Amino acid sequence: MFSHSAFNLRKFDQMPENCPVCGFRYEVELGFYWGAMYMSYGLSVVVVFLVGVSLYFLANDPPTWVYLTAVAASVILLTPFLFRYARVLMLYFFGSVSFNPKYKKP
């Protein structure tokens, strides 16, 4: 679905206009992926919650600066993946896309 790897930080967000396998147009309508921002926010909240709870129980409630540093670092490191999964979820939930085993790579 994306043109480049998520580890390519300059181009991780680039998508082709159409799917090279089935020809599906990724931009269903103008501004379609604006809703993915909300999904990305929700995924970020889950990451913040999991990191916070993990630190609380595994590090015995460290100082506030540890929470802030760990949460900020984890969200920054996961940004390309959160961005991509939010777009994929948006396409699956609202773009009438579903998995077709006919196009699965062997």
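Predicted, not measured: the structure shown is a model, and the values here were computed from it. All values below were derived from every heavy atom in this structure, side-chain atoms included, with hydrogens, water molecules and symmetry-related copies excluded.
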Is Val75 reachable from Val53 through a run of I, L, V, M, F, W or Y residues, each pair having side-chain heavy atoms under 4.5 Å apart? yes

Determine, using the 4.5 Å side-chain heavy-atom cutoff (strictly less than), whether Phe94 and Met1 are members of one ILVMFWY cluster. yes

Can I get a per-line list of side-chain donor-acceptor pairs under 3.5 Å for residues 28-52, giving both atom names and the distance, sequence neighbours left out?
residue	atom	partner	partner atom	Å
Tyr33	OH	Tyr26	O	2.9
Ser44	OG	Ser40	O	3.0

Distance check, rounded to the nearest 0.5 Å: His4 atom NE2 versus Arg10 atom CZ? 12.5 Å

How many angstroms lie between atom CG of Asp13 and atom CG of Asn8, to the nearest 0.5 angstrom? 9.5 Å

Listed once per pair and sorted, the salt bridge (Lys or Arg N to Asp or Glu O under 4.0 Å) pairs that draw on residues 80-96, sequence neighbours left out: none

Sorted by chain and residue number, the side chain to side chain contact (heavy atoms under 4.5 Å, CB included) partners of Ala59 (sequence neighbours excluded) come out as Leu55, Pro62

Can you list the residues that meet the salt bridge (Lys or Arg N to Asp or Glu O under 4.0 Å) rule with Glu17, with sequence neighbours excluded? Arg25

I'd like to know if the side chain of Ser74 reaches the main chain of Val71, judged simply by a donor and an acceptor atom lying under 3.5 Å from each other, with no hydrogens or angles considered. yes

Who else is in Leu58's hydrophobic cluster (ILVMFWY, side-chain heavy atoms under 4.5 Å, direct or via others)? none

Could you note down all residue pairs passing ring pair (Phe, Tyr, Trp, His ring centres under 6.0 Å) where residues 56-87 supplies at least one of them, sequence neighbours left out? Phe7-Phe81, Phe12-Phe83

